[in-house]
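The structure under discussion appears below in the form of structure tokens.
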Amino acid sequence: MKRQIPIALVFVAGLLLVIQFFVPHPASEFFFTFATDWIIVIGILALPIGIFSLLRNTYMKGRSDSKERIYSIATFAGFFLMVVSGLPSGSREAGSLHMKFFQNLLVPAQATLFSMLAFYIASAAYRAFRMRTLLAGVLLITAFVVMLRLIPLPEPLSTWNSELVRWILAVPNMAAKRAIIIGVALGAITYSMKILLGIETAYMGRD
Amino acid sequence: MANGARAEERRWYDRLLVVDRRWIYLILALAVILPAIVPFDVSTGISTEVRRVYGFVDDLKPGEVVHIAIDYDPSTLAELHPMTEAILRQAFNRGARLIFTTLSQFGPAMAEEMITRVAAETGKKRGVDYTFLGYKPYPGITILAMGSNYRVPFPTDYYGTPVDSIPMMRDIHNFRNVKGVIALAGGNVADFWIQYGNAKYGVPLGLGVTGVMASDYYPYLQSGQIFGLIPGMKGAAEYELLAKRQGQGSRGMPYQMTTHLVILVFMVITNIAYLAQRAARKRAGEVRR
Amino acid sequence: MEPTWGALAWQGLAAIVTLGIFSFLAGDNPFYKIIERTWVGVTTGYWLMLLYHTSFHDKVWVNIVVQHKWWYILPTFLGLLMWLRLSRKLAWISRYALAFYIGISTGIYIPLAFKNFVFLQLEGAVRPISFDAAGINFVIALVGLTCSLSYFFFSKPHTGILGGMSKAGILTLMIGFGAGFGLTVMGRVALLVQRVIFLRDYSVNLFGKIF
């Protein structure tokens, strides 16, 4: 009841969708549309669980740790700010208070958080990117050549470098990335088959 | 005393290899600020993959429908916003009708702002020249559902207007009614577009991606699963050059140049120091032996 | 067009947020933490409202309450079942909804992954050979692909021919990773550049307005 029915459900639903792929009949198409539509509805109702969990954890942390309290309050303040300003139906259009908070609070914070990666990658390039072995050397030289493309060089060096980068991206890089794509896909397909056949059940959690 | 003796033993290469990270941050900060104080221009070559996306949009005839997927959030807007704006402007100027979606949860507000602004600047009307369908979660499933019918995931547009009552959408049902999709993606949504949009429904697909992602999409370019690729800020600058209108992509290139130069110098210095240290250690080992 | 004081005030908030986040580079501090945690709340609130307006309203509320499409009650019920994951005793019931979701997703994924990631990629890799630059590049790519794949083949020890091939494979992979790193630097720097340009423009606008 707790495990067998979900395993059977996964198998039946999955098998039907696999068969559907090979049967271009209107009935099969109808079933496909129906399935995707239902999945979207299920997902819409499931996603707020994550939001609820985050708020619950923030509350618990704020309650148990006095040093963290002010930061938990900040999280709740930000949350309610967006919820209250976002309730009116016109709040999604440019110029609304909700959008102003989005543009001037959410956007700069998120963009800046990720922009700091530039400092970390520069630090990594300095502190860790060393020619310790032949393979590390190949990686380093390739990265160097690709980065050099953004520096204006005197002709014909600039053209040679651009051509070399184009070749690197389109030939050896393409071959390497294709091997990764195929390798990862074969692994993911095997894993999916195991889920479908009920061999892999980690998604269910523990009893 | 012993510490002092050890400090004396430290050579230039030892000191270079353990430099404090804050010095690196400071030098990088100075490099990125420099073009803001002393502006200059940087020339850019144009790659075939960017030219192909530009050519696709340039070949659009008035009334033809293109789906533009704005699938990124503020964390990647620096790279993708400039190319999105250039494509939007070009497509509107060609008289194409555009369908917009955004499958990234923090993307809709940014997308709405840009679409409304560029449409106003080019004199285009909502519901007639373009439709912004908005956001739905689960990009893979949403793309599959759009392939069946746009109305399945999007019964209404972003503003709550039923899709059936939008004049432009009357004769548009699914990917068969669009000339192609251009997905500006800041994450694995690009893979979903390839797998579910192109492989399942065969819709022609062009991609604009971040620099981090760019090298991963060359296999799809070679196999013809995507017709073109705009990689990161440089790709955006190339597109702006083709469109003959400077934007944020071209504006960012001098900054890219100075910071790249600094990072390249970092790489050279640290490797010279490393090789010198290794050679010294080797020599010391030989003497001891 | 000269910006208004209102616009400058809003941009001022964005500038404070930007500088506050950057302050982390000097070390963790309360200013950074307050802004970061506020951002967490803001993103959560924004997403909840977005889900409500553009997803729940048109896909659930309108379908069931306004248009009386009663069959939508079943996926809605399955979606609500997911919430039982929060209960230790009843968490197992949520598996029914999860199973439906995983079954459909997996069933869709398997044939399309085969087609997209394996068949179409192999089709791209195997093409007629010509005796020009493109043909030579094609052969190099094919050899690179075969060797890289052999590096991932762990069912046999990497000795002899397989050993040589896997060495060539790792070399190809390193070139790929090097190219990836080079472009990653461009990507990361672009994010920083955009913030610097924003701060520059804001300073110019602000000082232009004041003086």
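Chain naming here is simple, since letters A, B, ... match the order of the sequence lines and numbering starts at 1 in each. Keep in mind the model is a prediction, meaning the values are calculated, not measured.
- Of the listed residues (A/P108, A/A118, A/A176), the greatest number of heavy-atom pairs within a distance under 4.5 Å of chain C belongs to A/P108.
- Most heavy-atom pairs under 4.5 Å with chain A: of the set C/L19, C/L48, C/V189, C/I16, this distinction falls to C/L48.
- Interface residue A/L87: backbone and side-chain heavy atoms are both found under 4.5 Å from chain C.
- At a 4.5 Å heavy-atom cutoff, the contact between A/Y203 and chain C is made by backbone and side-chain atoms alike.
- In summary, C/R37 and A/E68 engage in a salt bridge, as defined by a charged side-chain N under 4.0 Å from a carboxylate O.
- The shortest heavy-atom contact between A/V23 and A/S28 is O-OG, 2.6 Å.
- For a residue to count as touching a neighbouring chain, one of its non-hydrogen atoms must lie under 4.5 Å from one of that chain's; by this rule C/V185 touches chain A with backbone and side chain alike.
- Heavy atoms closer than 4.5 Å to chain A are found in both the backbone and the side chain of C/I34.
- Proximity to chain C is absent for every atom of A/A124, based on heavy atoms less than 4.5 angstrom apart.
- Heavy atoms of A/M174 lying under 4.5 Å from chain C belong exclusively to its side chain.
- A side-chain donor from one of A/T201 and A/R3 sits under 3.5 Å from a side-chain acceptor of the other.
- One side chain, C/T18 or C/R195, offers a donor N or O that lies under 3.5 Å from an acceptor on the other.
- For chain A, the nearby part of C/Y32 is the side chain; its heavy atoms alone come within less than 4.5 Å.
- The two atoms that bring C/M49 and A/M82 nearest to each other are CG-O, 3.7 Å, heavy atoms only.
- Both the backbone and the side chain of C/V42 come within less than 4.5 Å of a heavy atom in chain A.
- In terms of heavy-atom proximity, A/K100 sits nearest to A/G95 at NZ-O, 3.6 Å.
- Heavy-atom pairs under 4.5 Å with chain A were tallied for C/K59, C/K115, C/Q121; the largest tally goes to C/Q121.
- With a threshold of 4.5 angstrom between heavy atoms, A/F32 approaches chain C through side-chain atoms but not through N, CA, C or O.
- Looking at C/M82, both its backbone and its side chain come within 4.5 Å of chain A, counting heavy atoms on both sides.
- Across every non-hydrogen atom of A/P172 and C/T172, the tightest pair is O-CG2, 3.6 Å.
- Listed options C/F100, C/W83, C/F114 were ranked by heavy-atom pairs under 4.5 angstrom with chain A; first place goes to C/W83.
- No more than 12 heavy atoms of other residues, nucleotides or ligands sit less than 6.0 Å from atom CH2 of C/W61.
- Between A/L164 and A/V145, the closest heavy-atom pair is CD2-CG1, 3.6 Å.
- Side chains of A/K177 and A/N173: a donor-acceptor N/O pair is present below 3.5 angstrom, by distance only.
- Judged by a 6.0 Å distance limit and a 45° cone about the ring axis, A/R56 is not positioned over the six-membered ring of A/Y59.
- The most heavy-atom pairs under 4.5 Å with chain C, out of A/L105, A/I168, A/L81, come from A/L105.
- Across C/Y109, C/F117, C/W39, the residue that shares the most heavy-atom pairs under 4.5 angstrom with chain A is C/W39.
- At a 4.5 Å heavy-atom cutoff, the contact between A/F102 and chain C is made by side-chain atoms alone.
- At a 4.5 Å heavy-atom cutoff, the contact between A/Y71 and chain C is made by backbone and side-chain atoms alike.
- Closest of all the heavy-atom pairs between C/D58 and C/N63 is O-ND2, 3.8 Å.
- In this structure, C/F153 has its ring center at least 6.0 angstrom away from the ring center of C/H158.
- Side chain of C/T54 to backbone of C/L51: no donor-acceptor contact under 3.5 angstrom is found.
- Electrostatic pairing of A/E163 and A/R166 counts as a salt bridge here, judged by a charged N lying under 4.0 Å from a carboxylate O.
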Side chain to side chain donor-acceptor pair (under 3.5 Å) assessment of A/S85 paired with A/H98: CA-CA 5 Å; A/S85 65; A/H98 189 63; 3.0 Å; yes
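- Note: A/V146 leads A/L140, A/L186, A/V146, A/I70 in heavy-atom pairs under 4.5 Å with chain C.
- Contact count versus chain C (heavy atoms, under 4.5 Å) is highest, among A/T36, A/L15, A/I141, A/I51, for A/I51.
- For a residue to count as touching a neighbouring chain, one of its non-hydrogen atoms must lie under 4.5 Å from one of that chain's; by this rule A/Y120 touches chain C with the side chain only.
- Using a 4.5 Å cut-off between heavy atoms, C/F152 touches chain A through its side chain atoms alone.
- For the atom pair CZ (A/R69) and NZ (A/K61), the distance works out to 13.5 Å, reported to the nearest 0.5 Å.
- Contact annotation for A/F52: only side-chain heavy atoms (C-beta onward) come within less than 4.5 Å of a heavy atom of chain C.
- By the 4.5 Å heavy-atom criterion applied to side chains, C/V139 and C/L142 are not counted as neighbours.
- Both the backbone and the side chain of A/I180 come within less than 4.5 Å of a heavy atom in chain C.
- Contact tally against chain C (heavy-atom pairs below 4.5 Å) for A/I195, A/L148, A/V18: the top residue is A/V18.
- The candidate from A/F144, A/F11, A/F129 with the greatest count of non-hydrogen atom pairs under 4.5 Å with chain C is A/F129.
- Contacts between C/A91 and chain A at a heavy-atom distance below 4.5 Å are absent for every atom of the residue.
- In this structure, the side chains of A/D37 and A/T33 stay at 4.5 Å or more apart for every pair of heavy atoms.
- For chain A, the nearby parts of C/L183 are the backbone and the side chain; heavy atoms of each come within less than 4.5 Å.
- In this structure, the portion of A/S53 lying under 4.5 Å from any heavy atom of chain C is its side chain and not its backbone.
- Residue A/L54 touches chain C through its side chain alone, counting heavy-atom pairs closer than 4.5 Å.
- A/L150 touches chain C through its side chain: at least one heavy atom from C-beta onward sits under 4.5 Å away, while N, CA, C and O do not.
- Contacts between C/R88 and chain A at a heavy-atom distance below 4.5 Å are absent for every atom of the residue.
- Proximity to chain C (any heavy atom under 4.5 Å) is shown, for A/Q20, by neither the backbone nor the side chain.
- Contact count versus chain A (heavy atoms, under 4.5 Å) is highest, among C/Y52, C/W47, C/F56, C/F177, for C/W47.
- A distance of 8.5 Å separates CH2 of C/W71 from CZ of A/F34, quoted to the nearest 0.5 Å.
- Interface check for chain A: of the options C/Y151, C/F22, C/F198, the most heavy-atom pairs under 4.5 Å are formed by C/F22.
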